[in-house]
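See structure below.
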Amino acid sequence: MAEKFDNLEEHLEKFVENIRQLGIIVSDFQPSSQTGLNQKLNFMITGLQDIEKCRQQLHDINVPLEVFEYIDQGRNPQLYTKECLERALAKNEQVKGKIDTLTKFKSLLISELGKVFPEEMAKYKAIHGDDPPS
Amino acid sequence: MTEIFSTLFGQNDAQPPSGPAALGFAPGKPPPSMPPNQAPIAAQMPGQLGDDGPLLRKPGAMNEPFYLLRELPVGNDLTGNTNLITHYNLEHAYNKFCGKKVKEKLSNFLPELPGMIDCPGVQDGSSLRSLIEKPPVCGNSFSPLTGALLTGFRLHTGPLPEQYRLMHIQPPKKKSKHKHRHHHPQDPLPLETRTDPTKKKKKKDNEPERRKKKKDKKKKKNRHSPDHPGVTGSQPNSNSLR
């Protein structure tokens, strides 16, 4: 799994470095730099071809659209992961709280109903069995 | 029994009809949707429900005197009752991202990327969203540029105008934390680190004395060995051993 990403990362890094060098050549262009510029342009095309090849290995990878929003706003995309995990944990705790409360409510209700309707509750328990301790 | 139930649900006026026909429990008729306060009535007459009723009634008949009784959910279902972060082995990711402060800017995530990348992408039309919404019109393959095509990339000599020098602009880097601590000693710090500045202060208070001692030692040593290298002063015994 990680190899796929390493491969893409390597190609992207090479591509970025090539673009950086291209930028340096262009920023103060000299007639002698034309050959180098042509070479860099073709390197760029080769780099794009390499990145294109990585697509096949990564077709099963899904990226949430929200991550793109973070990047577009100049924010660290790791913040998205962080917020996702925090939200998941908070929701997990909420649901657990609800489940615990409802379990307590159920056992309380059964015990109270057992006091008022002992026969019916005996039948109910016969069908459902005794509730596991909450 | 019905009295208890009616008092429990606050419907003292309710007069339950008697007999299965009144309830719509005659053979061949499906059971009506009953309000919950009529449940004990059904409970009182378990034998009156006909065995030859429609199939819909069978589960209810099995669970007499209760109706609408469902099977309890299986206990091994994955619910919010379990810690899902632990269940999916995400503790490492949680500690990594939530344990410490994640830096806000994109340049902290991609420090090697040249150019000013912390600005919103909408400003210069470099946003990823625009790439998805309006994909560039191009061919399916990348082919190298031949000699004739490369003539289009012949550039004028000389430096680029200022407004196009985007590659050289880098986001400003923050100063080191040590300097900040010196400038703002009142910053909230963990207890362990809070003790350090006082120690440093004590050291600073004693500095003139220390310097005097150092000078004295230097003088003494110079008398014995004039070519001796510089002395640190903090470990006098170790120096004397040399």
Side-chain angles (χ1 to χ4, degrees), chain A residues 13 16-17 19-20 22-31 33-34 37-38 41-42 45-46 48-49 52 65 67-79 81-86 88-89 91-100 103 116-117 119-120 123-124 127-129 131-132, chain B residues 1 4-5 8 39-40 43 62-66 69 72 75 79-85 90 93-94 97-98 102-109 112-115 117-122 126-130 132 141-145 150 153-160 164-168:
Chain A
E13 277 172 8
V16 168
E17 178 56 22
I19 294 284
R20 195 185 67 81
L22 198 68
I24 292 166
I25 293 171
V26 167
S27 63
D28 191 8
F29 192 73
Q30 302 300 319
S33 316
Q34 189 63 55
L37 177 73
N38 293 351
L41 285 168
N42 272 322
I45 292 160
T46 320
L48 286 169
Q49 282 172 338
E52 172 78 12
L65 275 175
V67 175
F68 292 164
E69 278 170 26
Y70 273 71
I71 296 166
D72 287 346
Q73 288 161 7
R75 295 178 74 198
N76 189 341
Q78 286 178 330
L79 286 169
T81 315
K82 184 189 173 186
E83 281 166 24
C84 247
L85 284 165
E86 282 172 349
L89 189 71
K91 200 76 190 169
N92 198 170
E93 282 171 355
Q94 259 183 35
V95 173
K96 185 173 163 48
K98 279 183 188 176
I99 290 170
D100 287 351
T103 312
V116 184
F117 309 113
E119 288 172 27
E120 284 76 9
K123 284 174 185 169
Y124 174 81
I127 295 165
H128 263 332
D131 280 334
Chain B
M1 182 64 78
I4 297 163
F5 231 90
L8 205 73
M62 280 164 68
N63 294 332
E64 282 173 22
F66 308 103
L69 199 63
L72 288 174
T79 62
N81 204 21
T82 51
N83 188 345
L84 295 172
I85 302 255
L90 291 169
Y94 185 81
F97 294 114
C98 304
V102 179
K103 287 179 180 174
E104 185 78 18
K105 291 181 176 174
L106 182 61
S107 57
N108 295 123
F109 180 65
E112 304 301 318
L113 211 63
I117 56 169
D118 294 335
C119 297
V122 188
S126 68
S127 69
L128 293 168
R129 185 160 275 278
S130 68
I132 296 163
S141 61
F142 300 101
S143 45
L145 298 169
L150 282 167
F153 292 93
R154 276 187 190 162
L155 302 181
H156 293 289
T157 51
L160 271 179
Y164 300 118
R165 290 182 195 175
L166 297 170
M167 297 291 278
H168 300 287

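As a basis for the values below, the full set of heavy atoms in this structure was taken, side chains included, without hydrogen atoms, waters or symmetry mates. All values derive from a computational prediction rather than experimental measurement. Lettering of chains follows the sequences in order, A, B, ..., and the numbering in each one begins at 1.
Proximity of a side-chain donor or acceptor of A:Asp72 to a complementary backbone N or O of B:Leu128 within less than 3.5 Å is detected. A side-chain donor-acceptor contact under 3.5 Å links A:Asn76 to the backbone of B:Lys103. With B:Glu104 contributing its side chain and A:Gly74 its backbone, the two residues share no donor-acceptor pair below 3.5 Å. Put simply, the side chain of B:Asn81 never gets that close to the backbone of A:Lys96: no donor and acceptor are under 3.5 Å apart.
We find the CZ-CG distance between B:Arg154 and A:Asn38 to be 8.5 Å, quoted to the nearest 0.5 Å. For the atom pair CG (A:Leu48) and CZ (B:Phe142), the distance works out to 4.5 Å, reported to the nearest 0.5 Å. Atom-to-atom distance recorded for B:Tyr94:OH and A:Glu86:CD is 6.0 Å, nearest 0.5 angstrom. With rounding to the nearest 0.5 angstrom, the CG atom of B:Leu155 is 11.5 Å from the CD atom of A:Gln30. For the atom pair CD (A:Glu83) and SG (B:Cys98), the distance works out to 9.5 Å, reported to the nearest 0.5 Å. For the atom pair CD of A:Gln49 and OG of B:Ser141, the computed distance is 8.0 Å after rounding to the nearest 0.5 Å.
Scanning both residues, A:Pro31 and B:Thr157, for their nearest heavy atoms gives CD-CG2, 2.9 Å. Closest heavy-atom contact between A:Leu65 and B:Arg129: CB-NH2, 4.2 Å. The minimum heavy-atom distance linking B:Leu106 with A:Pro77 is given by the pair CD1-CD, 3.7 Å. Here the shortest heavy-atom pairing between B:Leu160 and A:Val26 reads CG-O, 3.8 Å. Here the shortest heavy-atom pairing between B:Leu84 and A:Asn92 reads N-OD1, 2.8 Å.
Contacts of B:Thr82 with chain A are made by backbone atoms alone, with heavy-atom separations under 4.5 Å and no side-chain atom involved. Only the side chain of A:Asn42 comes within less than 4.5 Å of a heavy atom of chain B; its backbone N, CA, C and O stay farther away. Of the atoms belonging to A:Glu69, it is side-chain heavy atoms, and not backbone ones, that fall under 4.5 Å from chain B. Contact annotation for A:Glu52: only side-chain heavy atoms (C-beta onward) come within less than 4.5 Å of a heavy atom of chain B. For chain B, the nearby part of A:Ile99 is the side chain; its heavy atoms alone come within less than 4.5 Å.
Between B:Phe97 and A:Gln78 there is a side-chain heavy-atom pair separated by less than 4.5 Å. Counting only heavy atoms from C-beta outward, the side chains of A:Thr46 and B:Pro144 never approach each other to under 4.5 Å. B:Phe66 is listed as a side-chain neighbour of A:Glu120, based on a closest heavy-atom distance under 4.5 Å.
Among A:Gln34, A:Gln94, A:Gln73, the residue making the largest number of heavy-atom pairs under 4.5 Å with chain B is A:Gln34. Counting heavy-atom pairs under 4.5 Å between each of B:Asn108, B:Thr79, B:Ile85 and chain A puts B:Ile85 at the top. Most heavy-atom pairs under 4.5 Å with chain B, from the set A:Thr81, A:Val95, A:Leu79: that is A:Leu79. Of the listed residues (A:Ile71, A:Asp28, A:Leu41), the greatest number of heavy-atom pairs within a distance under 4.5 Å of chain B belongs to A:Asp28. For the set B:Gly158, B:Gly121, B:Ser126, the count of heavy-atom pairs under 4.5 angstrom toward chain A peaks at B:Gly158.
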